Amino acid sequence: MVNLIEAQKPLLTGMMRLAGLRPIDVELEREPGTTMHFWAPKHHAGKKGTTISPLDPTAAATKTKPSSSSSSRRRRRKNPESKPNVVLIHGFAAEGNVTFQFNFGVLVSRYNVYIPDLLFFGKYSTTDSADRSPEFQARCVAAALARLGVARCDVVGFSYGGMVAFKLAETRPELVRSLAVSGSVVAMTDAVNRETMARLGSGSSAELLMPETLQGLKALFSVSMHRKMWFPDRMYKDYLKAMFTNRKERLELLQGLLDSNMDAKIPTFQQKIMLIWGEEDKLFDIELARKMKEQLGENCYLQGIPKAGHLLHLERPCAYNRQLGRFLAHVNSQEEQEEAN
């Protein structure tokens with residue numbers, strides 16, 4: 001019997017190709033046995049195939065040398081390889097293209113969009129390493145971007161991807177210019193995890209985020225969305241089979257999230273940070289976002305989206321895209337002003 005979720009993927013693939021994105025598998029030189037799958041701008045896909053291996057020549061950089069000349073800036077905008085880079089990092093329930101299916105289309109005309117599948121998500125992102133920490137995921141994303149020639153980028157993270165994005169910004173400030181994060185925390189400490197599970201009435205994060213039954217998946221969608229959505233049981237069953245693969249490794253990833261230091265300190269970030277939040281988020285509520293904004297300081301902004309839950313980018317994509325677009329435009333206009341001066 002045809003899996004209805006898998007059957008939709010060719011249509012999504014076609015939409016991404018029409019938008020100018022191509023699938024690429026990037027082998028990481030410094031992490032043996034590690035390959036990360038990306039959707040990347042089509043100028044990366046050469047005639048020899050869609051794999052960038054350690055034996056290939058270094059990918060051409062996608063950012064040119066700054067110039068104060070307005071004509072030079074206009075030439076860079078016309079060159080597809082010189083557009084600003086935006087990286088979209090997905091959450092725990094689906095790979096990159098599924099997560100951001102309603103969002104990438106509004107970005108591709110102005111930005112070079114990169115959508116990685118984190119390790120053990122999708123079919124092709126794998127590693128021989130036993131490291132399951134968000135730091136390792138961030139290190140692999142940075143290494144893959146380097147092989148693709150990305151020297152500077154704005155990073156968008158959702159849920160688990162937000163935690164990876166925070167680690168990427170913390171450890172590679174020269175790479176990450178700005179952060180836009182939704183439904184996430186800087187670090188999933190034991191204290192935050194216990195409070196969240198108790199509030200949701202769930203025994204553990206694994207029980208909630210890696211459901212094995214129809215009832216478990218329905219419960220996950222119920223706490224993830226503000227609107228009550230009805231789907232036939234057939235759709236839920238197909239989603240379980242299609243999206244919750246590599247169960248052993250993903251359970252290890254969940255364990256890797258937990259930080260035993262209950263008083264973990266939030267690092268000082270150099271980047272501008274936008275928190276885009278569903279005001280009805282049941283997993284990480286808006287009060288947690290407000291507290292995090294205060295902790296992150298004056299470079300952090302919070303924008304709530306009403307009538308939206310944890311999956312706000314899918315539930316209210318137009319409102320989410322509007323806030324994300326404004327933030328990215330603001331960050332880019334500031335850089336252009338600095339270049340002009």
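What you see is a predicted model; the values in this text were computed from it and never measured.
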Next on the checklist: Contact between D233 and L214 at the side-chain level, heavy atoms closer than 4.5 Å - yes or no?
Outcome noted: yes

Checklist entry - Is there a side-chain contact between Y124 and T35 (heavy atoms, below 4.5 Å)? => result no

Residues which pass side-chain hydrogen bond (donor to acceptor under 3.5 Å, both in side chains) with [X], listed by chain and number, not counting sequence neighbours:
{"X": "K307", "answer": "none"}
{"X": "K9", "answer": "E95"}
{"X": "E174", "answer": "R172"}
{"X": "R326", "answer": "none"}

side-chain contact (heavy atoms from CB on, under 4.5 Å) partners for [X], two or more places apart:
{"X": "E249", "result": "F120, R132, N246, E252"}
{"X": "A138", "result": "V164, K167, L168"}
{"X": "T213", "result": "Q215"}
{"X": "S202", "result": "M197, E207, L208"}

Item to check | H313 ring center within less than 6.0 Å of F102 ring center | outcome: no

Next on the checklist: For K218, I'd like to know if atom NZ has over 12 heavy atoms of other residues, nucleotides or ligands within 6.0 Å.
Outcome noted: yes

Report the residues that fulfil ring pair (Phe, Tyr, Trp, His ring centres under 6.0 Å) with [X], sequence neighbours left out, ordered by chain and then residue number.
{"X": "F38", "result": "none"}
{"X": "Y301", "result": "none"}
{"X": "F269", "result": "F166"}

Checklist outcome for this item: ring pair (Phe, Tyr, Trp, His ring centres under 6.0 Å) pairs touching residues 186-220, sequence neighbours excluded, are none

Next on the checklist: If only side-chain N and O atoms count, and only distance matters, is there a donor-acceptor pair under 3.5 Å linking R316 with N321?
Outcome noted: no

